[in-house]
Amino acid sequence: MTAQIVVLGGGTGGTLLANRLRHQLSSEDAQITVIDRDDRHLYQPGLLFLPFGLARPTRLVRSRSAQLRPGVEFREAEVDHVDLEERKVGLRDGGSIPYDVLVVATGASLAPEETDGLSDPSDTVHTFYDLEGAQRLAAALARFEGGRIVVNLVDMPIKCPVAPLEFSFLADWYFTKRKIRDRVDITFVTPLDSAFTKPACARALGGLLAERRIDLVTEFNTGSVDGAGRRLVSYDERETGFDLAVVVPLHTGAPFVGSSPGLGDALGFVPVDQHTLQSKARPEVFALGDSADLPTSKAGSAAHFQGEVLADNIVAYLRDKPLPASYDGHTNCFIETGFNKALLIDFNYETEPLPGHFPGRLGLPLLAESRLNHLGKLTFEQIYWHGLLPGRTLPFIGRDMPERGKRRQTTEGGG
Amino acid sequence: MPKATYAGREVEVNDEGFFVDPAEWDEAMAPEIAQAEGIPTLTEDHWRVLKFMRTEYTEKGEGPTVRVLGKTSGVSIKELYQLFPKGPAKLAAKIAGIPKPRGCI
Ligand SMILES: Cc1cc2nc3c(=O)[nH]c(=O)nc-3n(C[C@H](O)[C@H](O)[C@H](O)COP(=O)(O)OP(=O)(O)OC[C@H]3O[C@@H](n4cnc5c(N)ncnc54)[C@H](O)[C@@H]3O)c2cc1C
């Protein structure tokens with residue numbers, strides 16, 4: 001019998017998983033359908049560069065369906081709910097699609113409405129986490145002639161947790177280049193107790209912030225954003241003033257996940273086994289990427305490693321075999337630090353980001369600024385469209401975290 | 001591992017004062033831990049949150065973050081900050097004898 005595999009979401013994770021599955025399963029084995037609400041696939045890492053005029057909006061978007069291999073069906077529709085009992089996906093247009101295997105890959109949604117004042121229209125409050133916001137911010141930065149810029153993430157989890165830091169570094173570069181850096185204060189405001197969640201990384205990044213004259217405000221839990229009064233107010237009633245605020249709103253899972261009984265947790269993410277990516281509620285349901293409740297970064301690179309694991313597991317599941325493949329939490333990200341440099345970090349569930357080189361002794365420097373890493377970050381865009389999405393197994397960038405080339409140090413686990 | 005004594009019993013805590021073994025905790029210890037953290041008396045509202053934290057921990061193996069508390073405990077985030085000023089999830093976890101919520105990756 002031909003199995004019906006339905007993938008919700010045709011973003012990074014859904015696309016690369018569907019393509020890998022199509023490669024591994026014949027058309028008799030399975031019919032594969034990807035459902036997404038639109039046919040515009042956005043290269044989200046580009047949103048970081050857009051506000052500084054370093055990326056063009058039209059170049060960041062391509063057709064979703066064009067990224068899918070022949071034999072993968074694309075359906076443009078808004079998912080309304082999942083009925084776990086009946087094994088059906090309900091669509092907003094009234095349609096209903098039955099499944100034998102369901103993959104939730106609908107990513108994370110922005111929820112500015114969960115923070116007082118953040119969804120009020122304002123000339124002073126911005127975000128770069130969606131295309132419209134990033135474009136509006138580009139215009140606001142171009143007009144900015146001096147004053148205080150506050151970069152704030154309201155709370156974890158967020159996509160690409162280093163992006164707000166990268167934004168701060170790029171802002172330093174941008175205003176230096178415009179020769180008005182002396183007139184601009186940049187303050188990074190975080191609910192965490194240091195610049196980043198991972199201690200080894202927090203130290204390296206904290207040092208860089210100081211070097212770039214970026215102020216750091218920690219343990220600030222934004223309760224409300226007052227665009228007219230130009231201030232962030234924390235739940236414990238501290239205030240941070242600004243002339244321009246760049247705020248990364250709270251994230252939730254896709255709203256239908258929360259409203260489909262049994263599918264999601266309190267924040268709308270799908271609880272899955274950390275290693276097999278199988279739903280804790282149902283054996284025939286899986287999730288990958290930002291939509292899953294995994295304790296690792298919500299990043300495209302993580303979705304890529306998860307996709308490789310998940311394809312093997314779904315093939316085994318269809319053949320009634322035990323799930324063979326195990327995701328280790330592997331994530332890596334380039335951290336753009338401005339002035340054509342970047343840092344690279346690589347880690348998994350158990351191992352903190354370590355210094356050394358990636359993926360082996362002669363590779364890219366880890367946890368250190370370099371020009372090579374900046375080029376790596378730029379190259380990632382081409383790899384994304386031509387290697388990652390098609391579901392190719394990329395040389396050197398495997399699912400398991402590499403140990404070669406890393407220096408295990410006594411400084412690890414210091415905080 | 002450092003030790004602390006609450007309600008006359010010695011328990012193991014980590015460097016930040018969180019219980020190493022949540023099973024060592026009992027309700028009689030909570031008021032003392034709270035006092036050490038600057039909360040003079042535990043009201044009914046405090047207890048509602050503390051009990052919720054314990055149940056969540058027992059069911060899920062992890063304490064909830066502030067945001068999840070605000071959505072699921074029936075106490076709003078604003079009130080949570082009034083009850084546990086320095087950081088509700090962290091403080092309530094400490095007083096309830098469960099590990100510090102991870103919440104952030
Ligand atoms: C500013 C920024 C910078 C980033 N930088 C990096 C980086 O440098 N490196 C890196 O690795 N990652 C980066 N990321 C993160 C990366 O883009 C995401 O982690 C990745 O895209 C996650 O893939 P996904 O498949 O889980 O979700 P997505 O790619 O977001 O796909 C989810 C899809 O689901 C669809 N969908 C949602 N709800 C519904 C519904 N109800 N009905 C139908 N369709 C629906 C959406 O339309 C979307 O296409 C960045 C993200 C941002 C925002």
Side-chain angles (χ1 to χ4, degrees), chain A residues 111 114-116 153-162 190-194 196-199 201-202 218-224 233-238 250-252 258 264-269 271 274 280 290 292-299 302 329 331 347-349 352 413-415, chain B residues 1-2 13-18 20 34 37-39 45-46 48-49 51-95 98-105:
Chain A
E114 281 193 38
T115 303
D116 273 356
L153 62 116
V154 177
D155 203 356
M156 300 294 289
I158 60 169
K159 298 192 251 196
C160 196
V162 292
T190 170
L192 305 176
D193 52 17
S194 56
F196 193 58
T197 52
K198 307 254 168 199
C201 216
T218 57
E219 294 183 276
F220 190 96
N221 288 279
T222 306
S224 61
V233 184
S234 70
Y235 279 113
D236 57 1
E237 280 155 16
R238 285 185 287 155
L250 291 172
H251 286 34
T252 63
D265 64 14
L267 299 182
F269 296 110
Q274 289 188 19
K280 288 183 179 164
D290 297 350
D293 79 335
L294 296 169
T296 192
S297 287
K298 295 200 180 299
T331 307
F347 54 94
N348 67 15
Y349 290 141
E352 285 271 329
Chain B
M1 280 285 175
V13 294
N14 73 8
D15 294 340
E16 291 179 279
F18 290 86
V20 172
E37 295 293 327
I39 300 172
D45 286 338
H46 286 107
R48 193 139 64 98
V49 178
K51 288 192 174 140
F52 185 83
M53 298 286 288
R54 289 291 297 189
T55 320
E56 283 283 295
Y57 178 79
T58 317
E59 277 171 16
K60 302 196 176 131
E62 195 186 353
T65 59
V66 193
R67 216 178 133 206
V68 173
L69 266 180
K71 280 185 190 278
T72 52
S73 68
V75 182
S76 75
I77 299 190
K78 251 199 185 99
E79 291 168 299
L80 284 164
Y81 270 92
Q82 279 153 9
L83 294 169
F84 302 96
K86 280 186 241 159
K90 260 203 288 198
L91 208 51
K94 195 182 263 186
I95 301 172
I98 63 172
K100 181 171 163 181
R102 248 179 336 159
C104 45
I105 307 283

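A note on names: the letters A, B, ... follow the listed sequences, proteins ahead of strands, and every chain is numbered from 1.
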- May I ask you to name which of Lys78(B), Gln82(B), Arg67(B), Glu16(B) has the most heavy-atom pairs under 4.5 Å with chain A?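 Heavy-atom pair counts peak at Arg67(B).
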
At what distance, to the nearest 0.5 angstrom, does [atom1] of [X] lie from [atom2] of [Y]?
X	Y	atom1	atom2	value
Arg238(A)	Glu219(A)	CZ	CD	7.0 Å
Thr65(B)	Leu267(A)	OG1	CG	6.0 Å
Asp155(A)	Thr115(A)	CG	OG1	9.0 Å

- Query: Can you find a heavy atom in the side chain of Leu91(B) that is under 4.5 Å from one in the side chain of Ile39(B)?
  - Reply: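 Heavy-atom side-chain distance check passes, below 4.5 Å.
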
- Task: Would you mind reporting whether Pro191(A) and Leu153(A) have side-chain heavy atoms less than 4.5 Å apart?
- Result: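 They are in side-chain contact.
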
- Going through the checks in order, is the side-chain contact (heavy atoms from CB on, under 4.5 Å) test met by Lys94(B) and Phe18(B)? CA-CA 5 Å; Lys94(B) 195 182 263 186; Phe18(B) 290 86; 3.8 Å; yes

- Heavy-atom contact with chain B under 4.5 Å, split by part of Glu237(A):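 Neither the backbone nor the side chain of Glu237(A) comes within 4.5 Å of chain B.
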
- Proximity of residues 68-75 of chain B to chain A, residues having a non-hydrogen atom under 4.5 angstrom: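 Near chain A, by residue number: Val68(B), Lys71(B), Thr72(B).
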
- Report, by ascending residue number, the residues of residues 52-60 of chain B in heavy-atom contact with chain A at a distance under 4.5 Å; give 'none' if the set is empty.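 Listed by number: none.
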
- What pairs meet the ring-ring contact (aromatic ring centres under 6.0 Å, His included) rule with one or both residues in residues 69-95 of chain B, with sequence neighbours excluded?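 Checked against ring-ring contact (aromatic ring centres under 6.0 Å, His included) - neighbours excluded - the pairs reaching residues 69-95 of chain B are Tyr235(A)-Tyr81(B), His46(B)-Phe84(B).
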
- Would you please name every residue forming a side chain to side chain donor-acceptor pair (under 3.5 Å) with Thr252(A), sequence neighbours left out?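 So Thr252(A) forms no side chain to side chain donor-acceptor pair (under 3.5 Å) with any residue.
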
- Query: Is the backbone of Asp116(A) close enough, under 3.5 Å, to the side chain of Ser224(A) for a donor and an acceptor to pair up by distance?
  - Reply: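 Not confirmed, Ser224(A) side chain does not pair with Asp116(A) backbone.
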
- Message: I'd like to know if the side chain of Ser194(A) and the backbone of Phe196(A) have a donor-acceptor N/O pair within less than 3.5 Å.
- Response: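 Indeed, once roles are kept as given, a pair shorter than 3.5 Å links the two residues.
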
